[in-house]
Amino acid sequence: MILIGDYHTHTQYSHGKSSIEDNVKVAISKGLKEIAICDHGPGHFLYGVKKKNIPLMKEEILRLNDKYSKDGINILLGVESNIISFDGMIDMDEKLIKHTDILLLGYHYGIVPASVVDGIGFYIKNPLAKFSGLGKEKSIELNTLAFIKAINKYPIDFITHPGAKVKLDIKELAREAKKVGTALEINAKHGELSVENIKLAMREGVEFIVNSDAHIASDVGNIEKSLERVEESGLSLDMIKNIKT
Ligand SMILES: [Zn+2]
Ligand SMILES: [Zn+2]
């Protein structure tokens, strides 16, 4: 089994500890063929990447691709975008997306919602549903629908840690994700997808991806925790996009 690439790594451009080059060097040392630099989307008010930095990151990545092509690595620019409305809006517009090679989507606290109603849903209703079960079913339905709308609106390559931070109907999400060719991530840093959710999703025939979600260079390529859950769930390695058997 070979890990082809790690497609979810953070840098100092959001709240990672390392530089793009640090991440690249570790990827090379671990024999990866590709690495994606995917900092948090600009809609996150604490550690979102600054919009003006996205083209600069692209330039830096082009330079590093030249410098390290002899090492057989391909470096991609991505963003871990955020859902900012229940209508499936994300914090990346067409102009910003043009700079990227890969687009991730996740749910995070700390985003600036698209409207007051979205804000109430994200910051009041969702936490209430999570902690007290109040309106839980409705919350799950609305959150799942937001993701489904987003993957139909934007070219999302995969959804990061689905089910972490907010509960989702994974079966429904997997079914719709398969239709548009969006994969579901088995994230090494977060416990989601969980074993139970991998089992639900794999029955829908959706593709998966395993990533480190490294926030420090030394974590790049560390996907052991993902593989433990893969093994426990009985998921076939053929269904994982970035693993070669
Ligand atoms: Zn995330
Ligand atoms: Zn992340």
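Order of listing sets the numbers, starting from 1, for every ligand and every atom in it.
- Distance alone, capped at 3.5 Å, is enough to place a donor-acceptor pair between the Ser226 side chain and the Ala188 backbone.
- Contact check for His10 versus His215: side-chain heavy atoms found under the 4.5 Å cut-off.
- Annotation: protein N, O or S atoms under 2.8 Å of the Zn ion (ligand 1) (waters excluded) comprise Glu80 OE2, His108 NE2, His161 NE2.
- A donor-acceptor pair under 3.5 Å links the side-chain atoms of Asp91 to the main chain of Gly43, judged by distance alone.
- Ile4 belongs to a hydrophobic cluster whose remaining members, ordered by chain and number, are Tyr7, Leu76, Ile102, Leu104, Phe158, Ile209; membership requires side-chain heavy atoms of ILVMFWY residues under 4.5 Å apart, directly or through intermediates.
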**Request:** Verify ring pair (Phe, Tyr, Trp, His ring centres under 6.0 Å) between Tyr109 and Phe122, making sure each step is shown before the conclusion.
**Result:** CA-CA 8 Å; Tyr109 286 105; Phe122 286 140; 8.3 Å; no
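- The distance from atom CD1 of Ile61 to atom CD of Glu59, rounded to the nearest 0.5 Å, is 11.0 Å.
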